[in-house]
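Working notes for the structure below.
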Amino acid sequence: MRLWTTSLIKSILSIEYKKYTTMSAKRVAVCQMTSVGDKAQNMQVVSQLVNNAAKDDAQMIFFPEACDFICDNKKDTLSSAESILSGNTIKQYRELASKHNVWLSMGGVHEKDDTDPTKIFNTHIIIDNNGEIVQTYRKLHLFDVEIPEKNIRLKESDFCTPGGHIVSPIESPVGKIGMSICYDMRFPELSTSLSILNAEILTFPSAFTYATGAAHWHILLRARAIENQCYVIAAAQTGQHNAKRRSYGHALCVSPWGEVLADCEEGSPCYKVVEIGDCRDVRKNMPVFQHRRPDVYSLYALSVRKNLLPEHSTKQLSAESQTSGTSENEPMNTFGHVKVPDSCVFYKSQLTYAFVNLRCVIPGHVLIAPLRVAERNQDLSEEEAADFYKTIRLVQKLMEKVHNTRSCTVTIQDGPDAGQTVKHLHCHILPRKKGDFIDNDLIYLELAKHDQFSSKHPAKPPRTLTEMRSEASMLRDELEKMSKESR
């Protein structure tokens, strides 16, 4: 019979415990580097950091803003930018993720804007361990500072186009990640929105200037962690990039309690590995989410995107997934200067029809229009007017039932001076809930932006045809149920 000594048993248990904790722990690496104008040189740094952090059992590695390059002039910045799918830089990042079996957060690359050669996007990319792009986020807030008396001019908007929406937190091996970039950390509404959407980790990949970093970096990041009870991971640029630019460094990982778990200080290139847990204990002991007062204040009109942008997706989209793609034989309904597919219509009488919306101000935002193209309310016949109003009442009842509310905004913009842009009379039905807007009248501002969708008002991206068809099908079913109940 084999004798087991106490020391041997302890040794075996220690090995098994280490194996268990290595497998079960959520290990992240926060990286720091000094990007320059040479993309190949930067790629060598990224590759070495990934290689080393992967050997340290990091499951996900976080890189800073401008991890691809930092040039000292607009011309070189624009010429060096690449497309997400066809560019060689992102291709190499994807190969690194797959080779080392790790997830990567590439904190802000210069994405070529194919529609405007004078601009780029600042785009945060998350890549899974298979090398697939799982999500992207375009920076919402652009860093624009101009102080003539100090000869300071840093205007990101000179060469960058802002993003149009918040991105829903994504599932990863280390938790739900809320995406943002650098200057975004100064806008607590974004972080709060992400935490309300159940983010567990807030990312702020950055290239903070030295002066602002020394004054605000630690304070802002700890505040975002504490107020949202999330981990904060902020990879950073550090040191002198060129004659014009110097970054602060101090890549951080902060706990939901506000404790700094890792600080890379000013080293470059370097990384630190941190084991992170979940946020439940902090949120249980201090339940600030339950203490919020949406009856008194709330965020409003959030533009949230869940799916990858089509131009970032490696998967070929079917025609049905495009807003413009319809079946060749599908009947179409005239709505001013556009056509509404019959599959997006959920109610139709002899004179009126109701259909789902391409761009919704709030969930459940639907439209009602006469079948005949009548531009103004006064252009309806008496019979059309009676049927139009009858349909409005029916659809309002339906939407309140479906969205479990007792209120609706029912509005018609009748004429150009009232905000009408589609020359076809239509009524907006928007199911309302307490606290969905800070000020109820702000919904009319959102409706104005909805009807005047342009580069100045990009807040509501179009939905896919598949999404609209699905909603219309659901509403037809609910309308049938409601009809049977009323018999």
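Note that the structure is a prediction, hence the values are computed from the model and not measured. Residue numbers start at 1 and run along the sequence shown.
The SG atom of C31 sits 11.5 Å away from atom CD of Q48, with the distance rounded to the nearest 0.5 Å.
With respect to the salt-bridge test (charged N to carboxylate O, under 4.0 angstrom), the residues R463 and E471 qualify. Using a 4.0 Å cut-off between a side-chain N of Lys or Arg and a carboxylate O of Asp or Glu, E400 and R406 do not qualify as a salt bridge. A salt bridge is defined here as a Lys NZ or Arg NE, NH1 or NH2 lying under 4.0 Å from an Asp or Glu carboxylate O, and R292 with E227 fails to meet this definition. For the pair R27 and E275, the salt-bridge criterion is met [side-chain N within less than 4.0 Å of a carboxylate O].
Side-chain contact between Y231 and C279: present, with at least one pair of heavy atoms (C-beta onward) separated by less than 4.5 Å. Between Q59 and V28 there is no side-chain heavy-atom pair separated by less than 4.5 Å. With contacts defined as side-chain heavy-atom distances shorter than 4.5 Å, the pair M468/L358 qualifies. Contact check for W217 versus T212: no side-chain heavy atoms found under the 4.5 Å cut-off. Within the 4.5 Å cutoff, the side chain of V366 has heavy atoms near those of the L475 side chain. Between Q237 and E65, the closest side-chain pair of non-hydrogen atoms is not below 4.5 Å.
Residues D68 and Y93 bring no donor and acceptor atom of their side chains to less than 3.5 Å of each other. S98 and N130 form no side-chain donor-acceptor contact under 3.5 Å, judged by distance and modelled atom types alone.
You'll find the ring centres of F143 and H141 outside the 6.0 Å limit. Aromatic rings from Y248 and Y210 are positioned such that their centres are separated by under 6.0 Å.
For the side-chain hydrogen bond (donor to acceptor under 3.5 Å, both in side chains) test, residues two or more places apart in sequence or in another chain that qualify with S105 are H124. With sequence neighbours excluded, the residues that form a side-chain hydrogen bond (donor to acceptor under 3.5 Å, both in side chains) with N228 are S195.
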Could you check E189 against R224 for salt bridge (Lys or Arg N to Asp or Glu O under 4.0 Å), going step by step and ending with a plain yes or no? CA-CA 10 Å; E189 299 91 342; R224 297 296 85 87; over 6 Å; no

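Seen from the ring of F346, R476 does not count as a face-on cation partner, given the 6.0 Å and 45° thresholds.
The aromatic rings of F187 and Y183 sit perpendicular to each other, their planes meeting at more than 60°, with 30° as the lower class boundary.
Surrounding CG of N88 are more than 12 heavy atoms belonging to other residues, nucleotides or ligands, all under 6.0 Å away.
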